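As the structure is a computational prediction, the values presented were derived from the model and not from experiment.
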Amino acid sequence: MNIDKNQIAEHNQRLETVQQRRFERLVEDLPHAVDIVNKLVDFQVAIPSWALGTGGTRFGRFSGGGEPRNLEEKIADIGLLHALNRSSGAISLHIPWDIPADYEAIRTLASQHGLTFDAMNSNTFQDQPGQTHSYKFGSMQHVDRAVRKQAIDHNIEVIKHGIELGSKSLTVWLADGSSFPGQLNFRRAFQNTLESLQEVYSALPADWKIFVEYKAFEPNFYSTTVGDWGQSLLYASKLGDKAYTLVDLGHHLPNANIEQIVALLLMEGKLGGFHFNDSKYGDDDLTTGSIKPYQLFLIFSELVEGMDARGMDHTKDLGWMIDASHNLKDPLEDLIQSVEAILIAYAQALLIDRPALREAQAANDVTRAQEVLQLAFRTDVRPLVAEARLRAGAALDPIELYRALNVRGELVKERGAKTVATGL
């Protein structure tokens with residue numbers, strides 16, 4: 001299924017008068033509103049290829065039908081999403097779930113949908129059919145050199161796929177760790193992992209980056225070999241200038257101060273990117289901004305301030321990607337909501353009166369500092385986000401148009417009610 005410009009134009013025509021009134025009213029109070037809109041137009045969030053199907057829990061998976069059965073259909077789904085919001089212009093592939101059979105054809109298809117290829121993602125957290133060695137007891141940390149070599153070779157293979165597609169980065173997330181005291185030697189596990197990552201690092205092209213992702217727990221529950229941002233930073237620092245830490249918002253213990261983490265990583269020049277989602281308990285993989293919208297805003301506050309301090313481009317100097325699981329919602333509707341929440345938090349962060357905040361901080365005026373932040377957070381910036389979509393040629397209300405066009409119903413007609421997305 002395709003969404004054409006005429007369908008979007010008809011939808012926008014019906015809503016444009018109300019949108020214009022809301023936007024003009026906001027502009028009266030925000031002199032730099034147009035500048036913010038322009039930044040929102042440029043801001044893109046990558047969509048992972050595994051987010052187009054229904055996820056699940058350990059106990060069950062409930063398919064919603066019409067799921068993409070191959071990489072081509074996944075690209076088509078992200079094309080639908082990008083047509084609706086014009087803010088999802090990149091796809092992040094997971095290997096071996098999404099190995100292209102024909103690189104040129106896949107590049108052409110992505111280009112037709114206005115998509116580029118974001119970071120490549122390797123998989124050493126599960127065994128694949130025909131795999132020689134098992135990752136049951138780890139991959140890059142494994143006590144057996146042959147298992148580590150298998151994991152290294154896989155990551156190098158992923159890099160080669162990425163080169164063919166025009167990607168410029170590799171994300172490495174490891175499930176390595178232990179579930180019981182004494183199961184492994186912590187120092188040896190770290191050293192094995194570092195040596196493995198060094199071999200992968202040496203295979204990176206000159207213009208590539210490697211992102212070392214961390215996670216506090218799961219699937220191991222006693223120790224994780226890349227368990228927090230400090231361990232990730234340690235790996236990235238030892239690897240070299242092309243290595244960075246990647247922050248997944250769900251990969252922390254409850255109540256972690258993620259905004260402080262990103263501020264310090266930016267200060268050190270070692271923050272590489274983000275995986276957006278939301279959670280209440282652990283790695284819940286819920287819709288971005290659905291549980292902790294104020295935290296998301298505070299994180300973006302530090303991102304904007306820290307990136308500006310280093311002269312970084314908000315649109316391209318960090319990798320932005322959604323990483324969530326959709327067990328209850330239509331995956332495309334969930335992604336629409338997540339992108340919207342990200343753009344809202346970004347716009348709110350751009351509203352912060354930085355001189356006033358610095359003045360309050362310098363005077364230890366705690367009350368004033370809180371007021372400055374909450375004034376930006378409590379400002380309804382949805383007209384700015386909608387205006388950015390309008391100017392980019394997207395739908396003013398993506399969810400409404402998605403449902404009006406019965407997109408999921410059409411996908412079910414095309415693909416069937418019992419399809420399962422590859423990798424899930």
inquiry  = Before you tell me yes or no, could you show the steps for Glu414 and Met1 under side-chain contact (heavy atoms from CB on, under 4.5 Å), namely the whole-Å CA-CA distance, both residues' side-chain angles and the distance that decides it to 0.1 Å?
reply    = CA-CA 8 Å; Glu414 291 177 14; Met1 158 174 202; 3.3 Å; yes
ask   = Yes or no on side-chain contact (heavy atoms from CB on, under 4.5 Å) for Asn277 and Leu286, after CA distance, side-chain angles and deciding distance?
value = CA-CA 6 Å; Asn277 47 59; Leu286 300 177; over 6 Å; no
query = Could you go step by step and tell me if Leu373 and Tyr294 meet the side-chain contact (heavy atoms from CB on, under 4.5 Å) rule?
reply = CA-CA 10 Å; Leu373 285 179; Tyr294 191 52; 4.3 Å; yes
key: Worked check of ring-ring contact (aromatic ring centres under 6.0 Å, His included) between Phe377 and Phe297   = CA-CA 7 Å; Phe377 176 68; Phe297 159 74; 5.4 Å; yes
request  = Evaluate the side-chain contact (heavy atoms from CB on, under 4.5 Å) criterion for residues Leu303 and Leu271: first the C-alpha distance (whole Å), next the side-chain angles of each, then the deciding distance (0.1 Å), finally the verdict.
outcome  = CA-CA 10 Å; Leu303 288 169; Leu271 180 62; 3.7 Å; yes
Tyr235/Phe190 under ring-ring contact (aromatic ring centres under 6.0 Å, His included): CA gap, chis, key distance, verdict = CA-CA 9 Å; Tyr235 284 115; Phe190 182 94; 4.3 Å; yes
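At distances below 3.5 Å, not a single donor-acceptor pair connects side-chain atoms of Arg107 with backbone N or O atoms of Leu165. In this structure a side-chain-to-backbone donor-acceptor pair under 3.5 Å is missing from Ser92 to Ala46. Formation of a donor-acceptor pair under 3.5 Å by the Ser139 side chain with backbone atoms of Tyr135 is not found in this model. Listed for the Glu359 side chain is no donor-acceptor partner under 3.5 Å among the backbone atoms of Pro355. In this structure, Asp153 contributes its side chain and Ala151 its backbone to no donor-acceptor pair below 3.5 Å. A donor-acceptor contact shorter than 3.5 Å is absent between the side chain of Asp323 and the backbone of His275. Under a 3.5 Å cut-off, the side chain of Ser134 and the backbone N or O of Lys136 do form a donor-acceptor pair. Looking only at distances, no side-chain donor or acceptor of Asn220 sits under 3.5 Å from a matching main-chain atom of Ser223. The closest donor-acceptor contact from the side chain of Asp278 to the backbone of Lys292 lies under 3.5 Å. Side-chain N or O atoms of Gln191 include none that pairs as donor or acceptor with a backbone N or O of Arg187 at under 3.5 Å.
Taking CG from Asn85 and CG from Leu80, the interatomic distance works out to 11.0 Å, rounded to the nearest 0.5 Å. Rounded to the nearest 0.5 Å, atoms CD1 (Ile3) and CG (Leu401) are 5.5 Å apart. With values rounded to the nearest 0.5 angstrom, Ile258 atom CD1 is found 4.5 Å from Ile299 atom CD1. Taking CG of Leu318 as the reference point, atom CE of Met312 lies at 4.0 Å (rounded to 0.5 Å). The distance from the CD atom of Gln337 to the CD1 atom of Ile322 is 10.5 Å, given to the nearest 0.5 Å. Here the CZ-CD1 distance, from Phe43 to Ile342, works out to 7.0 Å after rounding to the nearest 0.5 Å.
Within the 4.5 Å cutoff, the side chain of Ile95 has heavy atoms near those of the Met120 side chain. In this structure, the side chains of Leu84 and Ile336 come closer than 4.5 Å at one or more pairs of heavy atoms. Considering only heavy atoms from C-beta on, Val212 stays 4.5 Å or farther from Leu233 through its side chain. Contact check for Trp320 versus Gln44: no side-chain heavy atoms found under the 4.5 Å cut-off. By the 4.5 Å heavy-atom criterion applied to side chains, Gln295 and Glu259 are counted as neighbours. Annotation: side chain of Ile91 is in contact with side chain of Ile78 (closest heavy-atom distance under 4.5 Å). Side-chain contact between Ser88 and His113 is absent, with no heavy-atom pair separated by less than 4.5 Å. With a 4.5 Å cut-off on side-chain heavy atoms, Glu72 and Leu109 count as touching.
Just one residue in the list Leu174, Leu194, Thr193 forms a side-chain contact (heavy atoms from CB on, under 4.5 Å) with Thr225, and that residue is Thr193. Test Trp229, Tyr214, Tyr281 against His252 for ring-ring contact (aromatic ring centres under 6.0 Å, His included) and you get one pass: Tyr214.
Taking the centre and axis of the six-membered ring of Tyr346, the NZ or CZ atom of Lys39 falls outside the cone set by 45° and 6.0 Å.
By the 6.0 Å contact criterion, CD on Glu195 is enclosed, its count of non-hydrogen atoms from other residues, nucleotides or ligands being greater than 12. Residue-environment remark: CZ (Arg69) exceeds the threshold of 12 foreign heavy atoms within 6.0 Å. The environment of CZ in Arg391 is crowded: more than 12 heavy-atom neighbours from other residues, nucleotides or ligands sit within 6.0 Å. Annotation for Asp207: atom CG counts as buried by contact number, over 12 foreign heavy atoms lying within 6.0 Å.
Below 30°, between 30° and 60°, or above 60°: for His251 and Trp173 the angle between ring planes is between 30° and 60°, a tilted geometry.
Using modelled atom types and a 3.5 Å distance limit, the side chains of Lys329 and Thr287 yield a donor-acceptor pair. In this model, a donor atom of one side chain and an acceptor atom of the other lie less than 3.5 Å apart for Glu157 and His161. Remark: the Thr54 side chain and the Glu67 side chain contain an N/O donor-acceptor pair separated by less than 3.5 Å. Between the side chains of Asp98 and Ser49, at least one donor N or O lies within less than 3.5 Å of an accepting N or O.
Between Glu218 and Lys215 there is a salt bridge, with a side-chain nitrogen of the basic residue lying less than 4.0 Å from a carboxylate oxygen of the acidic one. The pair Arg403-Glu333 meets the salt-bridge criterion, with a side-chain N (NZ, NE, NH1 or NH2) lying under 4.0 Å from an Asp/Glu carboxylate O.
Taking the six-membered ring for Trp, Phe180 and Phe221 have ring centres at least 6.0 Å apart.
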